[in-house]
Amino acid sequence: MQAEALSQSLAVKNLGVVRPKDIRDVPVLLFLDEHGLGLQLTGKGAPGPVRAEFVSGKMRYRREHGGGAGQLVAKAVGLQKTKATLHVLDATAGLGQDAFVLASLGCRVTLFERNPVIHALLEDGLARAALNVDCAPIIERMTLREGSSIDWLSSASEGVADVIYLDPMFPHRDKSALVKKEMQVFRMIVGDDDDSERLLSAALAAATYRVVVKRPRKASAIEGPEPATRIEGKSSRYDVYSIKALPTG
């Protein structure tokens, strides 16, 4: 029943009870099994399914051993500079991993994901995590919304969130860069975010303290104002656009 309802809401073909590895006539498959909702490329050599997973795997490790407020995303948001509980709006949530990290560190997080398939994966992952005793308190601080964050931010009043976090799909042209299975599926389902300039502009008009943009480390900044500072990691960086100082208390 759940799979049928989902196929109708997303207007996708319902292939019934099948194994993903047996499918050859569609390039990507959204399926439901005992582990939850999964999205998988089909064909020979296709990687395993992509899920929004917060309870186990790398997110469990990151939750337990991730480094707390010393993590780059936490530094970029400004958690080391304030004791206040920040409201972070993740305008490009994807599978919700960065949002979950920020919520695990005490932030109240509103998530937007406009692609209906990725939104369904994220909704499923949050629902399953809410049933886990360790994750439930974190999930309570996370609110998932539907639709375009650009539309919502453009009509929102100033100061709608303390920090707005953006991680738009960067238009890679080098296919050798598509190594992660999540990225392979995202490229097929989502494509590139060609309106990131509009998103940044809307975010700067709506955030109270800062806007943070995650980029590949060597990529150019989104066209527009220069970021006030950059925080670099091995493969990615965070461009920080400061609006005013974070509260200290």
* Applying the 4.5 Å side-chain criterion to the ILVMFWY set and letting contacts propagate, would Val77 and Leu199 be lumped into a single cluster? -> no
* Given side chains that start at C-beta, do those of Lys75 and Val73 come closer than 4.5 Å, heavy atoms only? -> no
* Asked: Does any N or O in the side chain of Thr208 come within less than 3.5 Å of the main-chain N or O of Ala161, such that one atom is a donor and the other an acceptor?
  -> yes
* Asked: Counting heavy atoms not belonging to Arg63, are there more than 12 under 6.0 Å from its CZ?
  -> yes
* Glu53 side chain vs Val55 backbone, donor-acceptor pair below 3.5 Å -> yes
* Are Leu37 and Arg51 side-chain neighbours, meaning at least one heavy-atom pair lies under 4.5 Å? -> no
* **Beyond-backbone contact of Arg108 with Thr143, side-chain heavy atoms, under 4.5 angstrom** => no
* Asked: Is the side chain of Arg145 donor-acceptor paired with the backbone N or O of Phe112 at a distance under 3.5 Å, no angle test?
  -> no
* Asked: Given side chains that start at C-beta, do those of Asp162 and Val88 come closer than 4.5 Å, heavy atoms only?
  -> no
* Hey, is the main chain of Val101 close enough, under 3.5 Å, to the side chain of Ser104 for a donor-acceptor pair? -> yes
* Is Arg114 salt-bridged to Asp195, cutoff N-O under 4.0 Å? -> yes
* Please walk me through it: do Thr229 and Ser242 pass side-chain contact (heavy atoms from CB on, under 4.5 Å)? -> CA-CA 8 Å; Thr229 188; Ser242 298; 5.5 Å; no
* Structure fact -> CZ (Arg237) and CZ (Arg230) are apart, to the nearest 0.5 Å, by 5.0 Å
* Taking every non-hydrogen atom, the tightest pair across Tyr209 and Pro247 -> CZ-CD, 3.4 Å
* **Trace of the side-chain contact (heavy atoms from CB on, under 4.5 Å) decision for Val28 with Gln40** => CA-CA 6 Å; Val28 62; Gln40 184 169 347; 5.9 Å; no
* Answer with yes or no whether the hydrophobic clustering places Leu41 together with Leu121; edges join I, L, V, M, F, W, Y residues whose side-chain heavy atoms lie under 4.5 Å apart. => yes
* Structure fact -> For Ile118 and Gly94 the tightest heavy-atom approach is CG2-O, 3.5 Å
* With hydrophobic residues grouped by side-chain heavy-atom distances under 4.5 Å, do Tyr238 and Val211 end up in a single group? -> no
* Locate the shortest heavy-atom distance separating Val133 from Pro137; write the atom from each residue and the value. => O-CD, 3.5 Å
* To do: Please tell me if the side chains of Ile231 and Asp239 come closer than 4.5 Å, counting only heavy atoms from C-beta onward.
  => no
* Interatomic spacing from CG in Leu79 to SG in Cys107 - rounded to 0.5 Å -> 4.5 Å
* Structure fact -> Rounded to the nearest 0.5 angstrom, the OG-CG distance for Ser236 and Leu72 is 7.0 Å
* To do: State plainly whether one hydrophobic cluster holds both Val240 and Ile222, where clusters connect Ile, Leu, Val, Met, Phe, Trp and Tyr through side-chain heavy atoms under 4.5 angstrom apart.
  => no
* Ionic contact status for Asp98 with Lys214, cut-off 4.0 Å -> yes
* To do: Tell me whether Ile150 is reachable from Leu111 by hopping between hydrophobic residues (I, L, V, M, F, W, Y) whose side-chain heavy atoms are closer than 4.5 Å.
  => no
* Asked: Which pair of non-hydrogen atoms, one from Leu153 and one from Ala202, has the smallest distance, and what is that distance?
  -> CB-CB, 4.0 Å
* How far apart are the closest heavy atoms of Ala76 and Val212, and which atoms are they? -> O-CG2, 3.3 Å
* Say you draw a straight line from CG of Leu144 to CD of Glu113; how long is it, rounded to the nearest 0.5 Å? -> 8.5 Å
* Asked: Does atom CD of Glu232 have more than 12 heavy-atom neighbours, drawn from other residues, nucleotides or ligands, at distances under 6.0 Å?
  -> yes
* Answer yes or no: are there more than 12 heavy-atom neighbours, outside Arg60 itself, under 6.0 Å from its atom CZ? => no
* To do: Indicate yes or no for a side-chain donor-acceptor contact from Thr82 to the backbone of Ala84 under 3.5 Å, with no hydrogens or angles considered.
  => yes
* Scan side-chain atoms only and decide if Arg62 and Gln97 contain a donor-acceptor pair under the 3.5 Å cut-off. => no
* To do: Indicate yes or no: at least one non-hydrogen side-chain atom of Arg141 is less than 4.5 angstrom from one of Val109.
  => no
* Asked: Once you round to the nearest 0.5 Å, how far does NE2 of His119 lie from CG of Asp124?
  -> 12.0 Å
* Asked: Mind checking whether Pro225 and Leu204 have side chains closer than 4.5 Å, heavy atoms only?
  -> yes
* Asked: Can you find a pair of side-chain heavy atoms, one from Phe100 and one from Ile139, that are under 4.5 Å apart?
  -> yes
* Heavy-atom closest contact (Ala207 atom, Ile243 atom, distance) -> O-CD1, 3.4 Å
* **Candidates Leu126, Leu102, Asp90, Leu122 - the one meeting side chain to side chain contact (heavy atoms under 4.5 Å, CB included) with Met142** => Leu126
* Structure fact -> In this structure, CZ of Arg198 is separated from CG of Leu200 (nearest 0.5 Å) by 12.5 Å
* To do: Could you walk me through whether Leu246 and Leu86 pass the side-chain contact (heavy atoms from CB on, under 4.5 Å) test, one step at a time?
  => CA-CA 9 Å; Leu246 289 161; Leu86 295 179; 4.1 Å; yes
* Neighbour count above 12 (heavy atom, 6.0 Å) for Glu64 CD -> yes
